[in-house]
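Here the structure is a predicted model, which means the values were calculated and not measured.
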Amino acid sequence: MINRSDYISDSEWNRFLEFSKDLETPNIVVNLHQIKYNFIKLRDSFPFAHIYYAVKANPGEPVIRLLDSLGSNFDIASRYELDKVLALGIKGERLSYGNTIKKARDIKYFYENGVRMFATDSKDDLRNIAENAPGSRIYVRILVENTQSADWPLSRKFGCHPDMAYDLLVMARQLGLTPYGVSFHPGSQQRDIGAWNDAIAKVTYLFSSLEEEEGIKLSMINMGGGFPAHYIQPANELDVYASEITRYLRDDFGDDIPMIILEPGRSLVGDCGILTSEVILVSRKNNTALQRWVYQDSGTFNGLVETLGEAMKYPVISEKDKPGEKEGEVILAGPTCDSADIMYENFKYKLPLSLKSGDKLYWLTTGAYTSTYASVEFNGFPPIKTYYME
């Protein structure tokens, strides 16, 4: 049995139950108080860093307003995110266009709205930035190898080899842009802290070789996200990450550490959400089957897409959980007419044998990449609703 108190205190759990008792399922409740706590903890753990919240993790207006009030900057992935943030009165100089895949007209739109810092990893994109955002600061994203220890690796689609990054930063200067820094992402929910050490070593090479050979002095390292939320699989606490990563930086840069940018998403908001679903049906595939199939009203296409490949293993509890309750293995599946709508079949969850239709399941650590990944109308189901608890 998953121990709920390992993930949320009794007081916060009771507050959640009272807040959500009349809400139609499926739904997600996000605890804003916990987000504030997580932000302050991250800021204090990396006092030398500038935080750019990855809006894509949870773009809820209350979340953005809260982080704005705490002094956060923001990493923006699309013009639609940009519009949302600008509408809240946040200025372009506090934003970064962190997506390396972008249309030329979107680059121009960002520039016209005051954004002056852009990520890139290719020559054509760099030329588009030079044409549509002249004079802007450029940081080049490099490929990070050996990220398979992350639950959600990000190493193939984004970034370029360090040798190409070198060429792009030289090219940026030639095009009238400001070669500003280098970025990397060690993979989302990265449990191997050594991944940062490998990446920082590549960045150090670029910093030193560009200054020595080209006279280009870079100013910034964007270390992306990757810090973990609390799922079933264990990870070190944030203070361990901070201690080790700070040591890596000091080993390579001494006391002259460049400007550091962090782009947290999951680590800020993941722990702060609880997805509540209703059991639709409990069945067995034959009379002697040991495992039950538990179908619920939220699934892969409605909030739980990160269960694809059983990558993220959320803590799942039921309202029937209590000491001494008999349990059995289950296969957890969603409500749609799609055979891919199975969250967990190989990883064996156990739920009470008394579980029946109408009972509630609570998916903890679902504040990040849940509502934003949900389909608009697959099988006619509306997007999952999100509520915000002060």
Check your understanding: Cut-off 3.5 Å, side chains only: do E18 and N14 have a donor facing an acceptor?
Key -> no
Exercise for review: Kindly indicate whether the side chain of T386, heavy atoms from C-beta on, has any atom under 4.5 Å from the side chain of N27.
Suggested key: no
Point to revise | Side-chain touch I35/V63, heavy atoms, less than 4.5 angstrom | key: yes
Exercise for review: Can you establish whether the number of heavy atoms outside K202 located under 6.0 Å from its atom NZ is more than 12?
Suggested key: yes
Check your understanding: What are the two closest heavy atoms between P264 and L268, and how far apart are they?
Key -> CG-CD1, 3.7 Å
Check your understanding: Just wondering, are more than 12 heavy atoms of other shown residues or ligands nearer than 6.0 Å to CZ in R105?
Key -> no
Practice item. Name all residues meeting the side chain to side chain donor-acceptor pair (under 3.5 Å) criterion together with N99; count only those two or more places apart in sequence or in a different chain, and write none if there are none. Key: none
Check your understanding: Which pairs count as salt bridge (charged side-chain N to carboxylate O under 4.0 Å, His left out) when at least one residue sits in residues 354-382, sequence neighbours excluded?
Key -> K320-D359, K356-D359
Review point. If you measure only the distance, is there a donor-acceptor pair under 3.5 Å linking the side chains of N3 and S5?
Key: yes
Practice item. Mind listing the closest non-hydrogen atom pair of L169 and I216 along with its distance? Key: O-CD1, 3.9 Å
Exercise for review: Would you check, one step at a time, whether the test side-chain hydrogen bond (donor to acceptor under 3.5 Å, both in side chains) holds for S277 with D297?
Suggested key: CA-CA 6 Å; S277 62; D297 60 2; 4.5 Å; no
Point to revise | I200 side chain reached by I221 side chain, heavy atoms, under 4.5 Å | key: no
Point to revise | Side chains of N222 and S183, donor plus acceptor under 3.5 Å | key: no
Exercise for review: Would you mind telling me which of K313, Q189, R266 makes a side chain to side chain donor-acceptor pair (under 3.5 Å) with Y231?
Suggested key: R266
Check your understanding: Which residues pass the side chain to side chain donor-acceptor pair (under 3.5 Å) test with K326, sequence neighbours left out?
Key -> none
Review point. What residues form a ring-ring contact (aromatic ring centres under 6.0 Å, His included) with F110, not counting sequence neighbours?
Key: Y97
Exercise for review: Without swapping roles, check the side chain of N128 against the backbone of A104 for a donor-acceptor pair under 3.5 Å.
Suggested key: no
Exercise for review: Assess the side chains of S45 and D239: does a donor N or O sit below 3.5 Å from an acceptor N or O?
Suggested key: no
Review point. In the single-linkage hydrophobic clustering (I, L, V, M, F, W, Y; side-chain heavy atoms under 4.5 Å), do L353 and L351 co-cluster?
Key: no
Point to revise | side chain to side chain donor-acceptor pair (under 3.5 Å) partners for T300, two or more places apart | key: D341
Check your understanding: Side chains of E12 and N31: is there a donor and an acceptor less than 3.5 Å apart?
Key -> yes
Review point. How long is the gap from OG on S78 to NZ on K103, to the nearest 0.5 Å?
Key: 10.5 Å
Study note, to complete from the structure: Taken in chain and number order and not counting sequence neighbours, the residues that satisfy salt bridge (Lys or Arg N to Asp or Glu O under 4.0 Å) with E61 are R65
Check your understanding: Around atom CD of E390, are there more than 12 heavy atoms of other residues, nucleotides or ligands at under 6.0 Å?
Key -> no
Review point. Is there a donor-acceptor pair closer than 3.5 Å between any side-chain N or O of E310 and the backbone N or O of F347?
Key: yes
**Study point:** Same apolar cluster (I L V M F W Y, side chains within < 4.5 Å links), F301/L275
**Key:** no
Review point. What do you reckon, is CE of M164 surrounded by more than 12 foreign heavy atoms closer than 6.0 Å?
Key: no
Check your understanding: Looking at the rings of Y37 and F39, which for Trp means the six-membered one, are their centres under 6.0 Å apart?
Key -> no
Practice item. Would you please indicate yes or no on a ring centroid separation below 6.0 angstrom for F227 and F46? Key: yes
**Study point:** Between H230 and E237: side-chain donor-acceptor atoms closer than 3.5 Å
**Key:** yes
Exercise for review: Kindly indicate, with the supporting measurements, whether the criterion side-chain hydrogen bond (donor to acceptor under 3.5 Å, both in side chains) is fulfilled by T100 and R141.
Suggested key: CA-CA 8 Å; T100 60; R141 181 165 175 170; over 6 Å; no
Review point. Parallel, tilted or perpendicular: which describes the rings of F207 and F253, with under 30° parallel and over 60° perpendicular?
Key: perpendicular
**Study point:** Flag side-chain contact, heavy atom, 4.5 Å: D321 against I2
**Key:** no
Exercise for review: Mark yes when over 12 heavy atoms from residues, nucleotides or ligands other than K348 sit less than 6.0 Å from its NZ; otherwise mark no.
Suggested key: yes
Revision key, fill the gap. Across all chains, not counting sequence neighbours, the ring-ring contact (aromatic ring centres under 6.0 Å, His included) partners of F16 are W13, Y362
Practice item. Step by step, work out the side-chain hydrogen bond (donor to acceptor under 3.5 Å, both in side chains) result for E214 and Y166. Key: CA-CA 10 Å; E214 306 291 343; Y166 181 105; 2.9 Å; yes
Exercise for review: Please name all residues satisfying ring-ring contact (aromatic ring centres under 6.0 Å, His included) with Y52, sequence neighbours left out, ordered by chain then number.
Suggested key: none
Review point. Rest of the hydrophobic cluster containing L281 (Ile/Leu/Val/Met/Phe/Trp/Tyr, side-chain heavy atoms under 4.5 Å)?
Key: I280, W293, Y295, I331, I342
**Study point:** With Y205 via side chain to side chain donor-acceptor pair (under 3.5 Å) - residues at least two apart
**Key:** D163
**Study point:** Electrostatic pair R4:D10 at N-O distance under 4.0 angstrom
**Key:** yes
Practice item. Report the relative orientation of the aromatic rings in Y373 and Y369; use parallel for angles under 30°, tilted for 30 to 60°, perpendicular for over 60°. Key: tilted
Point to revise | OH (Y80) with more than 12 external heavy atoms under 6.0 Å | key: no
Review point. Can R137 be said to sit on top of F118's aromatic six-ring, NZ or CZ under 6.0 Å from centre and within 45° of the ring axis?
Key: no
Practice item. If a pair satisfies salt bridge (charged side-chain N to carboxylate O under 4.0 Å, His left out) and one of its residues is in residues 48-60, list it, with sequence neighbours excluded. Key: K56-D75
Study note, to complete from the structure: The complete set of side chain to side chain donor-acceptor pair (under 3.5 Å) pairs with one or both residues in residues 83-96, sequence neighbours excluded, reads D68-R94, D83-Y109, S96-Y139
Review point. If we ignore angles and hydrogens, is there a donor and acceptor under 3.5 Å between the side chains of N286 and T288?
Key: yes
